[in-house]
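What follows is a set of notes on a single structure, which appears directly below.
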Amino acid sequence: MRRSRAFIPTTKEAPSDAQLASHIYLSRAGFVSQVASGLYNYMPLGKRVIKKIENIINEEMHFAGAQEVELSFVTPADLWKESGRIEKFGKELLRFHDRKENMFVLGPTHEEMMVDMVRNRVTSYKQLPLNLYQIKTKFRDEARPRFGLMRGREFIMKDGYSFHSSVEDMDREFDAMEAAYKKILTRLGLDFRIVEADSGAIGGSGSKELMVIAGSGEDTIAICDTCEYGANVEAASRSGRTNIPEAPIAEFNKFKTPDVKSIEDLENFFKVDGYYIMKCVAKRAVYEEESEIVLFFIRGCDNLQKVKAQNATGALDIVDVSEEELKELGIVPGFIGPLEQAKAKHVIDIDLKDAKHMICGANEENYHFINVDMSVMDEAYYFDIAEVNEGDACPCCDGKLSFTKGIEVGHIFKLGTTYSSALKAEFLDENGKAQPFVMGTYGMGVSRLVAAIIEQHHDENGCIWTKESSPYMVNIMISNVKDDAQVTLGEELYAQLQKANIEVMLDDRKERFGFKMKDAELIGFPYTIIIGKELENGLVQIFDRRANTKTDIDKNMIFSKIIERI
RNA sequence: CGGGGUGUAGCUCAGUAUGGUUAGAGUACCUGGUUUGGGACCAGGGGGCCGAAGGUUCGAGUCCUUUCACCCCGACCA
């Protein structure tokens with residue numbers, strides 16, 4: 001492509017609403033333009049990057065035996081009613097009616113559609129397993145789109161669905177997809193981590209997220225410094241503690257603690273580590289039809305993990321409660337304990353199971369119990385509800401956990417039979433018995449990857465594309481288009497590289513050196529061949545964007561040298 | 001969905017407290033010239049329903065009412 005003919009509107013200044021590096025540089029370098037909140041146009045460079053990513057995904061999917069399909073973007077609302085997700089998804093589903101007043105939704109994900117396509121067409125275990133995927137625009141009417149391409153309402157996603165006759169076979173495919181995803185992200189040149197995740201609203205027996213490591217990531221992940229373990233904090237667990245503080249020695253007793261309510265107050269009052277103090281977090285668990293107050297008990301040194309709390313109660317949502325609401329129930333805020341507490345449901349963190357020497361509220365104004373032995377509590381109360389802390393022990397080895405930020409670019413689920421059962425998608429097994437498909441689902445955000453690459457690979461001058469993601473591999477810069485020798489060499493090289501199937505841009509604009517360099521850096525071509533004043537001495541240069549180095553090359557060697565680098 | 005902010009040239013923003021020439025700057029764009037190794041310089045030029053609707057006024061970018069859009073914090077987020 002000749003730069004003089006290319007539609008690449010670069011700007012010196014970023015739009016004022018861009019906050020993230022990826023948003024700023026993708027806008028400034030002319031990859032994307034915003035049309036409305038959460039909606040973006042891909043201009044030629046952006047479209048090329050999208051295609052690069054799609055091609056890699058396609059190659060790896062075909063290699064893994066998955067087949068590409070394309071499902072209708074507009075989907076009948078009836079399917080969503082059938083699966084029950086029309087309520088669950090709520091306002092994120094963009095609904096509308098056609099001229100015949102039938103309701104449709106714009107697909108935010110395509111489990112229902114894919115199951116519908118397969119059901120009654122695949123009817124025997126002999127036709128399984130099957131893995132179908134598509135790369136397609138999705139729409140979610142997010143309450144608050146933000147961060148440019150990172151969280152748009154309209155976005156491009158690769159979504160794959162696999163169908164199996166057994167859980168074992170689904171597990172095998174899940175591992176195969178994890179491996180395929182790993183290859184895709186590796187090829188894209190990304191630093192990433194595959195972590196244990198919460199399965200969220202989609203359900204299923206297990207899931208993993210693919211996290212691109214970047215400070216601007218929205219997710220916090222706990223990773224082990226010794227082994228491969230990594231998990232979203234929403235799902236991270238820990239092994240038993242090793243450095244347990246010294247236990248306070250005392251008899252079981254009710255102790256007067258006037259106006260001593262917070263964990264910090266109690267630590268000072270009793271001169272005891274928060275480890276031995278029971279913290280109560282009161283929340284309201286909201287279910288489909290009703291809601292109730294739930295008391296969550298954790299150690300004073302821990303914090304409640306909201307997603308875990310939600311899973312422990314089976315609630316759709318966990319919301320705050322006021323002290324007044326608690327008092328109405330006869331609960332005494334500041335002095336809540338699990339003993340003799342029948343006013344509200346309670347859930348106790350697993351780390352408190354059989355704990356001894358504990359201090360907890362006595363459910364009476366200004367009193368705490370001391371030296372409480374938790375082994376008296378019923379097992380049914382215990383769940384893992386505490387958020388892991390940095391420095392906690394890895395659940396897999398002796399390592400220590402630390403936190404880092406990640407961008408979720410993929411999420412793979414062991415779905416099981418949730419959707420196949422709801423939609424009555426069944427096959428006949430070896431015994432002629434009808435069974436729902438055992439399913440897996442595998443998502444990867446294509447447009448989000450575009451942003452993630454830049455979040456991880458940029459500097460103050462702009463984008464730095466990795467080789468497999470770059471819109472063009474080589475940029476040939478003619479410093480001065482009035483110099484015939486420079487133009488001749490540039491044109492020659494351009495023709496040569498095109499013939500060699502290298503994606504090449506020829507910057508033949510009548511602009512000054514500095515202007516063109518800034519532009520090349522902003523766009524982020526991996527290599528720019530600078531044909532300039534050194535040509536008099538028979539030299540040109542290769543500018544390596546990533547290394548930020550310029551290397552002199554004999555003009556006769558330039559073609560072979562650049563091929564070498566690519 | 002709660003709280004806050006901003007809408008003026010393609011982009012970044014002045015101007016709005018106190019209404020009053022023809023609405024400005026930088027940048028980008030066009031023409032001519034000089035320049036040609038880090039977003040150059042000089043001269044000339046085009047470009048605006050001041051987000052929209054209604055109102056107050058002799059007069060509104062500026063005051064009042066309504067509305068829309070976008071952004072930020074939070075809630076939410078397969």
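Order of the sequence lines sets the chain letters (A, B, ...), proteins ahead of strands, with each chain counted from 1.
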In chain order, what residues pass the salt bridge (charged side-chain N to carboxylate O under 4.0 Å, His left out) check against [X], with sequence neighbours excluded?
| X | value |
| --- | --- |
| A:Glu54 | none |
| A:Arg509 | A:Asp507, A:Asp519 |
| A:Lys91 | none |
| A:Asp175 | none |

Relative to its sugar, using the 90° cut-off around 0, the base of B:A43 is anti
Picking from B:G37, B:C71, B:U12, the nucleotide nearest the side-chain atoms of A:Gln541 would be B:G37
Out of B:G37, B:G26, B:C77, minimum distance to the side chain of A:Glu92 belongs to B:C77
Is there any protein nitrogen or oxygen under 3.5 Å from a nitrogen or oxygen in nucleotides 39-41 of chain B, and what are the pairs?
residue, atom, partner, partner atom, Å
B:G39, O2', A:Lys12, NZ, 2.7
B:G39, O6, A:Arg28, NH2, 3.2

Acceptor/donor pairs from residues 529-541 of chain A side chains to any protein atom, 3.5 angstrom cut, sequence neighbours excluded:
residue, atom, partner, partner atom, Å
A:Glu534, OE1, A:Asn537, ND2, 3.3
A:Gln541, NE2, A:Asp552, OD1, 3.3

Separation of B:G10 atom P from A:Gln34 atom CD, nearest Å, is 17 Å
Between CZ of A:Phe543 and P of B:G38 the distance, given in whole Å, is 14 Å
The complete set of salt bridge (charged side-chain N to carboxylate O under 4.0 Å, His left out) pairs with one or both residues in residues 471-488 of chain A, sequence neighbours excluded, reads none
Here the salt bridge (charged side-chain N to carboxylate O under 4.0 Å, His left out) pairs for residues 540-550 of chain A, sequence neighbours left out, are A:Asp459-A:Arg545, A:Asp544-A:Arg565
Across all chains, not counting sequence neighbours, the side chain to side chain contact (heavy atoms under 4.5 Å, CB included) partners of A:Ala282 are A:Leu295, A:Val321, A:Leu326
The correct set of residues in residues 16-26 of chain A placing a heavy atom under 4.0 Å from RNA chain B is A:Ser16, A:Asp17, A:Gln19
Ring pair (Phe, Tyr, Trp, His ring centres under 6.0 Å) filter on A:His23, not counting sequence neighbours, yields A:Tyr40
For nucleotides 73-75 of chain B, which of its nitrogen or oxygen atoms have a protein nitrogen or oxygen under 3.5 Å away, and what is each distance?
residue, atom, partner, partner atom, Å
B:C73, OP2, A:Arg144, NH1, 3.3
B:C73, OP2, A:Arg144, NH2, 2.1
B:G74, N7, A:Arg144, NH1, 3.4
B:A75, N6, A:Arg146, NH2, 3.3

### N/O donor-acceptor pair, side chain A:Glu511 with base B:G38, under 3.5 angstrom
no
